[in-house]
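Numbers restart at 1 for each chain; the letters A, B, ... are given by sequence-line order, proteins then strands. Computation of the quantities below employed the complete heavy-atom set of this structure, encompassing side-chain atoms and omitting hydrogens, waters and symmetry-equivalent molecules.
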Amino acid sequence: MKILQKSFFREPTIEVAKKLLGKFIVSKTPKGVIVGKIVETEAYLQNDPASHSFCGKTNRNSPMFDSAGTSYVYFTYGMYYCFNVVTNKKNIGEAVLIRAIEPIRGIELIKKNRKVPKNKDLTNGPAKLTLALGINKNFNGINLLDEKSPLKLMKDKVENFEIIETKRIGISKGCKMPYRFYAKISGKHQRDCTAVEAHNSH
DNA sequence: CGTAAGATGAAG
DNA sequence: TTCATCTTACGG
């Protein structure tokens with residue numbers, strides 16, 4: 001496993017969103033290490049009505065304008081956190097939202113963090129995986145490129161898989177943009193896309 | 001399936 | 001002040 005460098009993130013956001021599929025999130029928690037493979041991402045661009053950065057820099061979204069490889073963790077719906085990686089150049093407010101991962105290591109810890117009946121629901125949503133990995137507002141704005149960081153993005157041997165490109169979900173503005181990407185790997189921990197899209201179009 | 005949980009920023 | 005939101009869990 002090798003840590004991803006700044007050059008990986010300092011590129012057009014859509015490219016980074018695709019490249020992140022199949023890479024790994026490594027979270028060092030007090031109780032042990034948790035590793036997950038990224039299987040679904042979404043790109044959020046500066047010129048994008050659905051992006052927090054669309055109306056310019058605010059106190060909340062300021063990490064998005066920071067340099068590539070910074071984390072952006074936002075609190076939403078009054079109770080959940082979502083985890084993004086800042087991309088592109090400094091002062092461009094763009095990021096990739098991690099929407100789903102597949103548990104690789106530390107599954108017992110994940111189960112402890114997530115008291116849900118079905119294993120399938122452990123990490124198949126942006127706020128679910130932050131709960132599973134123990135990500136909270138303390139992780140907002142930290143540098144993910146440091147070996148010592150409690151949260152890192154790593155790569156392992158290359159796998160072959162298909163990248164599916166679709167519309168984004170869960171938002172009303174800019175939802176027609178094909179900025180959502182997921183990996184067709186094992187399929188076990190994938191979100192049921194047809195069901196979610198039906199819900200969104202309603 | 002419908003809805004509550006309730007922080008945040010933008011608009012009024 | 002009011003409204004919509006990059007969501008999830010739970011009850012019918």
Side-chain angles (χ1 to χ4, degrees), chain A residues 9 12-14 16-18 20-21 25 36 38-66 70-88 92-103 110-141 144 151 153 164-183 189-202:
Chain A
F9 302 103
T13 303
I14 290 179
V16 181
K18 291 188 201 171
L20 273 172
L21 295 173
I25 303 187
I38 299 172
V39 294
E40 183 179 337
T41 62
E42 257 178 25
Y44 282 91
L45 308 190
Q46 174 77 82
N47 188 12
D48 174 358
S51 173
H52 286 170
S53 61
F54 182 62
C55 297
K57 197 168 175 176
T58 65
N59 193 43
R60 182 202 200 191
N61 68 22
S62 66
M64 289 185 80
F65 293 83
D66 225 318
T70 304
S71 81
Y72 171 47
V73 176
Y74 64 87
F75 192 52
T76 190
Y77 293 103
M79 39 171 62
Y80 295 112
Y81 295 100
C82 294
F83 170 61
N84 303 246
V85 195
V86 175
T87 56
N88 219 316
I92 297 180
E94 305 198 340
V96 173
L97 171 68
I98 310 298
R99 291 196 59 88
I101 61 174
E102 179 180 327
I110 292 179
K111 283 186 183 161
K112 223 168 252 178
N113 292 337
R114 306 261 313 120
K115 296 190 197 303
V116 285
K118 292 183 216 141
N119 281 0
K120 196 189 158 207
D121 293 328
L122 286 175
T123 55
N124 64 343
K128 298 182 189 177
L129 68 91
T130 57
L131 289 171
L133 296 176
I135 297 175
N136 53 52
K137 65 180 174 192
N138 296 329
F139 290 73
N140 189 26
L144 303 169
L151 195 61
L153 294 160
I164 314 284
E165 186 173 306
T166 62
K167 291 176 290 194
R168 291 182 299 192
I169 55 180
I171 52 180
S172 59
K173 284 175 285 193
C175 52
K176 293 213 176 101
M177 321 282 247
Y179 291 164
R180 182 161 74 100
F181 309 97
Y182 61 93
H189 295 279
Q190 246 165 49
R191 179 173 279 254
D192 181 346
C193 297
T194 50
V196 176
E197 298 205 355
H199 170 263
N200 191 44
S201 64
H202 174 54

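The interatomic distance linking Leu129(A) (CG) with dT7(C) (C1') rounds to 12 Å, in whole Å. Taking atom CD on Glu40(A) and atom P on dC6(C), their separation rounds to 15 Å, with Å as the unit. Residue Tyr80(A) contributes atom OH, which lies 16 Å from atom P of dC6(C) at whole-angstrom precision. Atom CZ of Phe54(A) is separated from atom P of dA4(C) by 18 Å (rounded to the nearest Å). Protein atom CG of Leu97(A) is 13 Å distant from nucleotide atom C1' of dT5(C), rounded to whole Å. When rounded to the nearest whole Å, the span between CG of Asn140(A) and P of dC6(C) equals 16 Å. Note: CG (Leu122(A)) to P (dT8(C)) measures 13 Å, nearest angstrom. Distance OH (Tyr81(A)) to P (dA7(B)): 10 Å, rounded to an integer number of Å.
For DNA chain B, if you chain together Watson-Crick or G-U pairs that step i with j, i+1 with j-1 and so on, the runs of at least three with distances under 3.5 Å are B:1-5 with C:7-11, B:7-11 with C:1-5.
Atoms CZ and NE2, on Arg60(A) and His52(A) in that order, are 4.0 Å from each other to the nearest 0.5 Å. The NZ atom of Lys128(A) sits 8.5 Å away from the OG1 atom of Thr123(A) when rounded to the nearest 0.5 Å.
Counting heavy atoms from C-beta outward, Val73(A) and Thr130(A) have side chains that stay 4.5 Å or more apart. A heavy-atom distance below 4.5 Å is found between the side chains of Asn140(A) and Tyr72(A). You'll find the side chain of Pro126(A) stays beyond 4.5 Å of the side chain of Phe83(A), heavy atoms only.
Using a 5.5 Å limit on the distance between ring centres and a 30° limit on the angle between planes, the aromatic ring of Tyr77(A) counts as stacked on the six-membered base ring of dT7(C).
Separating the C1' atom of dG9(B) from that of dT8(C) is a span of 22 Å, rounded to the nearest Å. Nucleotides dG12(B) and dT5(C) have their P atoms positioned 15 Å apart, rounded to a whole Å. The gap from the C1' atom of dT3(B) to that of dA4(C) amounts to 16 Å, rounded to the nearest Å. Nucleotides dA9(C) and dT8(B) have their C1' atoms positioned 22 Å apart, rounded to a whole Å.
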Below 3.5 Å between N/O atoms, which protein atoms pair up with nucleotides 8-12 of chain B? Just atom names and distances, please.
residue	atom	partner	partner atom	Å
dG9(B)	OP1	Arg60(A)	N	3.0

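With sequence neighbours excluded, the residues that form a side chain to side chain donor-acceptor pair (under 3.5 Å) with Asn138(A) are Asn136(A).
Scanning both residues, Ser71(A) and Pro63(A), for their nearest heavy atoms gives O-CB, 3.7 Å. Cys82(A) and Leu97(A) get closest at one heavy-atom pair: CB-CD1, 3.8 Å.
Distances shown here put every side-chain N or O of Arg114(A) at or beyond 4.0 Å from the OP1 or OP2 atom of dT8(C).
Asn61(A) and Lys57(A) share no side-chain donor-acceptor pair at under 3.5 Å.
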